[in-house]
Number of protein chains: 2
Amino acid sequence: MATIEDVAKLAGLSRTTVSRVINDQPYVTEEKKQRIIQAMKQLGYVPNSSARRLRSQKTETIAVLLPRVTNPFYGNLIEAMEERASELGYQVIVCQTHDSKQKELDYLQLLHTKQVDGVVMTSVINEWEEIEPFLQSGPIVLCNEYRAESQVSMVHMDHRLAAYESTMHLIEQGCRRIAYVSGGRESHVSFERKLGFTEALQEKAITFHTEMVIDWAENVQDGQRAFYDLTENFPEVDGIFTGSDEVAAGIIYEAGQSAWKIPGDIAVTGFDNQMLSLLMVPSITTISQPVREMAEKTIEVLYSQIVHKKVYQPSRYVYDHHLLVRNSSKRKTLSFQ
Amino acid sequence: MATIEDVAKLAGLSRTTVSRVINDQPYVTEEKKQRIIQAMKQLGYVPNSSARRLRSQKTETIAVLLPRVTNPFYGNLIEAMEERASELGYQVIVCQTHDSKQKELDYLQLLHTKQVDGVVMTSVINEWEEIEPFLQSGPIVLCNEYRAESQVSMVHMDHRLAAYESTMHLIEQGCRRIAYVSGGRESHVSFERKLGFTEALQEKAITFHTEMVIDWAENVQDGQRAFYDLTENFPEVDGIFTGSDEVAAGIIYEAGQSAWKIPGDIAVTGFDNQMLSLLMVPSITTISQPVREMAEKTIEVLYSQIVHKKVYQPSRYVYDHHLLVRNSSKRKTLSFQ
DNA sequence: TTGTATGCGTTATCAG
DNA sequence: CTGATAACGCATACAA
């Protein structure tokens, strides 16, 4: 493997001059420049990136923490992030936490050991006190997830309002005994969503059936299980708010195998507007998030924090959502209220 | 940021000794060891990974090249790869090529510039002659994709046979005018599949309608377009072989919006056994691939090639598939043959 | 416009 | 068992 030294020798010049043309800096004659370029070609020279990293204290790499890539929401997020990062000349390391506190901390170590210049967290498992110290090693930006108390930049949408609108829609469709089915860990996001859910119920003076809350449903299989749990234990259920299109799809699939009609007997809403929500029969009422915009903004914010180290000005961007009403919830409103 | 030097000073010892305890090498008194550990803690010392890389010529990082993360097949692949790599102490860089030759080459440069120790390619866009030179910079392993002529390790399944079985199944269901709808670029994989498709037709003396070949369909939207192209131009079509569950889902979705019945009028098969194929109505007949096993084997092969640099023995692993017959193709066999 | 010298933080070699 | 010293490959102050 040729080094800068080899190139310099072959061109009959010094390492410095070679370095100058590599980083195209000024002050180098066109003639010598060509001589060096020629030599580089001849030797198949490529700058060694480990050496550059050590010397320049930059890695041009960022880590993106997420639960798992195959969760379509996070998949979409990292897809867009990688594209934007690539445009800015950055590499992206995938860090799947699988909702493990330990793995989350392990991956944050990448920041500490200078393997990455910055970190994006799309979910937060540990208490914030565990995370905060890592901010001294480099910038962290929260995307999707948020923490009110923390001094970091955040990019997300208003999950409380989204859940509120979705729930209100179920109520308007005549639902009165609504189950709340959401995903794993207790994140700020799910906290906010449940807040919106209960606000809507309260506003319409509808009872919040705490027995009808399921907090372990994240994917299609969970949705299938949730359907049985709910219909067996609470046959009076007439509406289900879910935290993801996958869970909603699982419910709808199992309903299809049973005598329950959707939306007739039970109206269902999903979240995220995945392709799946459009393809299911019935199609799923859901909340669309501007995933790509949020992902790109996140990378841009992180990028600018990496570049302007000094100016540590945490910023916050809140994006709009849209309620997409589809067939899984659309039914004749009972003449009730 | 504390360095090894700081730790040495604080402990009143030399860098060498500190280095020894970091890499727990023998020959260091328990007492001094403790003294050093104490000092490291006190300073919050963490070894600088850039320096280690430069010194050891290892990055403990691999690059995984794929078209896009949100294609569920590749998403599943990289999910499993990241997990296995993580177990082996390796980081994974996501490299989305978007089927661009240039991006593929750009990402391969990571190997050349020593930013990664090895590369996994799950698709190959460029001619093999373009790729081959990179083998001199480090190991490359092909997963899913394969190249008969090349001297690299490969992990994949028999796409020819899978397509053959799938097509044969359509024929057994009474299909006689079968369309072939597959994805973008001309890969070896798609070549093999088409081979299996034509073999099945030939064996049953059924005409291969080359007009009924679509080669640009990769996702749900494409499937939707393909449905219209096909049914408008060839209303006699009675079977469709597709290269992915997404495309099949798009077709089924559009059929649902029209007067066409699936599988009654047209039988459809997908590929990959995504969750989607089970959830669609009708559920999609498809080919299941042992994605996780292939992904893990790929990482293990790459790992061993990284570790045992010298022994460059390209290996090849072929995995089994399964035809899963579901409703999208199941129909009363016409009393025909 | 070009070159010299130095250091980024580690680890390996070799001498003590 | 321990430590001084030399790389690893590059970029940058400083000198010329």
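Naming convention: chains lettered A, B, ... in sequence-line order (proteins, then strands); numbering from 1 in each chain.
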Round to a whole Å and report the spacing from [atom1] of [X] to [atom2] of [N].
X     : N      : atom1 : atom2 : answer
B:K58 : C:dA12 : NZ    : C1'   : 14 Å
B:L13 : D:dT2  : CG    : P     : 7 Å
A:K33 : C:dT2  : NZ    : C1'   : 15 Å
B:R20 : C:dA12 : CZ    : P     : 10 Å
A:Y27 : D:dA13 : OH    : C1'   : 15 Å

**Prompt:** When B:S153 is tested against each of B:Q313, B:K297, B:Q305 for side-chain hydrogen bond (donor to acceptor under 3.5 Å, both in side chains), which residue passes?
**Reply:**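 Considering B:Q313, B:K297, B:Q305, a side-chain hydrogen bond (donor to acceptor under 3.5 Å, both in side chains) with B:S153 is found only for B:Q305.
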
Let me know which of A:K32, A:Q34, A:K33 forms a side-chain hydrogen bond (donor to acceptor under 3.5 Å, both in side chains) with A:E30.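 It is A:Q34; the other options fail the test.
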
Within the pair [X] and [N], is there a side-chain N or O less than 4.0 Å away from OP1 or OP2?
X     : N      : value
B:K32 : D:dC1  : no
A:Q25 : D:dT12 : yes
B:T16 : D:dA4  : no

Margin query: Using a heavy-atom cut-off of 4.0 Å across all strands, would you classify B:E31 as base, sugar-phosphate, or nothing?
Written below: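 No contact.
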
- prompt: For the side chain to side chain contact (heavy atoms under 4.5 Å, CB included) test, which of B:V116, B:L110, B:T61 pairs with A:Q91?
  reply: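 Going through the options one by one, the only one that passes is B:L110.
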
*Basic-acidic side-chain contact under 4.0 Å: A:K101, A:E104*: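 Judged by the 4.0 Å cut-off on N to carboxylate O distance, A:K101 and A:E104 do not form a salt bridge.
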
Discussion item. Any salt bridge linking B:E83 with B:R292? Criterion: basic side-chain nitrogen under 4.0 Å from a carboxylate oxygen.
Written reply: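 Looking at B:R292 together with B:E83, the answer is yes, because their closest N to O distance falls below 4.0 Å.
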
Between the protein and nucleotides 6-10 of chain C, list every N/O to N/O distance that falls short of 3.5 Å.
{"residue": "C:dT6", "atom": "O4", "partner": "A:R15", "partner atom": "NH2", "Å": "3.0"}
{"residue": "C:dG7", "atom": "N2", "partner": "A:R55", "partner atom": "NH1", "Å": "2.8"}
{"residue": "C:dC8", "atom": "O3'", "partner": "A:Q57", "partner atom": "NE2", "Å": "3.4"}
{"residue": "C:dT10", "atom": "OP1", "partner": "B:Y45", "partner atom": "OH", "Å": "2.7"}
{"residue": "C:dT10", "atom": "OP1", "partner": "B:N48", "partner atom": "N", "Å": "2.9"}
{"residue": "C:dT10", "atom": "OP2", "partner": "B:I4", "partner atom": "N", "Å": "2.6"}
{"residue": "C:dT10", "atom": "O5'", "partner": "B:Y45", "partner atom": "OH", "Å": "3.4"}

- Query: Below 3.5 Å, does any donor atom in the side chain of A:S14 face an acceptor in the base of C:dT4, or the other way round?
  - Reply: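 Donor-acceptor pair under 3.5 Å: no.
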
Could you work out, with side-chain hydrogen bond (donor to acceptor under 3.5 Å, both in side chains) as the rule, every residue matching A:E31, not counting sequence neighbours?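 side-chain hydrogen bond (donor to acceptor under 3.5 Å, both in side chains) check on A:E31 returns A:R35.
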
